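See below for the structure under consideration.
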Amino acid sequence: MIRAEYKDKERIVGILAESFNDNKSVNYIIKQDKKRSQRIRKLMEYSFEVCYLFGDVFLTDDKKGCALILLPDKKRTNFKSILLDVKLIITCTGLANLGKAMSRETKIKKLHPKELMYYLWFIGVDKKEQNKGIGTALLKEVINQSISMNRSVYLETSTMKNIPWYEKFGFKIYNELDLGYRLYFMKKE
């Protein structure tokens, strides 16, 4: 696993946009119109930028998988973060979905712990390379990184088939949220 450089942004956005194209949680906040795929890319660009500023962005050595990590205690409101938020609203959620997106984020934050966390925001593998162990190797390295920082790993998933995969690594569901779809909160200590 390597720390991504800014020049890797397009590769990472491509992997994540494709991996999360049908994701319930992602599509919940994305304006559903003919530009939906472009809007998902914009969400992944936003997520890359936020994690690049306030966390970590990782690639597998072969650049076929990636992980976006946010360190919420490091996140600060500054001019750049405000611009990113405004851009997200304009290019991704749209004004009509803004209330729904903000309500969702408020509910999620209420269920997050009040401890230092290593928040796995997104993890994905190039669609052509899935089921070859790339994601497994990447997740193991993410866990090792969290251990070196003495932080528990937290994540959410709305994809039922991912739950047993995370559980293989010691993650446990610690909460759920009904948003018209189930969002499962998982933690690995």
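Everything numeric here is computed off the predicted structure, so don't read it as measured data. Side chains are part of it too, since the values below use all heavy atoms of this structure and drop only hydrogens, waters and symmetry mates.
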My understanding is that only residues two or more places apart in sequence, or in another chain, count here; which of them pass side-chain hydrogen bond (donor to acceptor under 3.5 Å, both in side chains) with [X]?
X    : result
N131 : none
Y184 : none
E49  : Y6, K9

Non-neighbouring partners of [X] that pass salt bridge (charged side-chain N to carboxylate O under 4.0 Å, His left out), sequence neighbours left out:
X    : result
R11  : D126
K110 : none
E105 : none

- request: May I have all residue pairs that pass ring-ring contact (aromatic ring centres under 6.0 Å, His included) and include part of residues 151-171, sequence neighbours excluded?
  value: Y154-Y174, W165-F169, Y166-F171

query: Does any pair with a residue in residues 7-32 pass ring-ring contact (aromatic ring centres under 6.0 Å, His included), and if so which ones, sequence neighbours excluded?
result: F20-F122, Y28-Y181

- prompt: Which residues pass the ring pair (Phe, Tyr, Trp, His ring centres under 6.0 Å) test with F58, sequence neighbours left out?
  reply: none

- request: Name all pairs fulfilling the salt bridge (charged side-chain N to carboxylate O under 4.0 Å, His left out) condition that reach into residues 129-142, sequence neighbours left out, sorted by first residue then second.
  value: K64-E129, E129-K132

What pairs of donor and acceptor atoms, side-chain ones from residues 69-81 against any protein atom, are under 3.5 angstrom apart with sequence neighbours left out?
{"residue": "D73", "atom": "OD1", "partner": "R151", "partner atom": "NH1", "Å": "2.7"}
{"residue": "D73", "atom": "OD1", "partner": "R151", "partner atom": "NH2", "Å": "3.3"}
{"residue": "D73", "atom": "OD2", "partner": "R151", "partner atom": "NH2", "Å": "3.0"}
{"residue": "R76", "atom": "NH1", "partner": "D73", "partner atom": "O", "Å": "2.9"}
{"residue": "R76", "atom": "NH2", "partner": "D73", "partner atom": "O", "Å": "3.2"}
{"residue": "N78", "atom": "OD1", "partner": "K80", "partner atom": "N", "Å": "3.1"}
{"residue": "N78", "atom": "OD1", "partner": "S81", "partner atom": "N", "Å": "2.8"}
{"residue": "N78", "atom": "OD1", "partner": "S81", "partner atom": "OG", "Å": "3.4"}
{"residue": "S81", "atom": "OG", "partner": "R76", "partner atom": "O", "Å": "3.3"}
{"residue": "S81", "atom": "OG", "partner": "N78", "partner atom": "N", "Å": "2.8"}
{"residue": "S81", "atom": "OG", "partner": "N78", "partner atom": "O", "Å": "3.0"}

field: Residues clustered with V125, ILVMFWY side-chain links under 4.5 angstrom
entry: I134

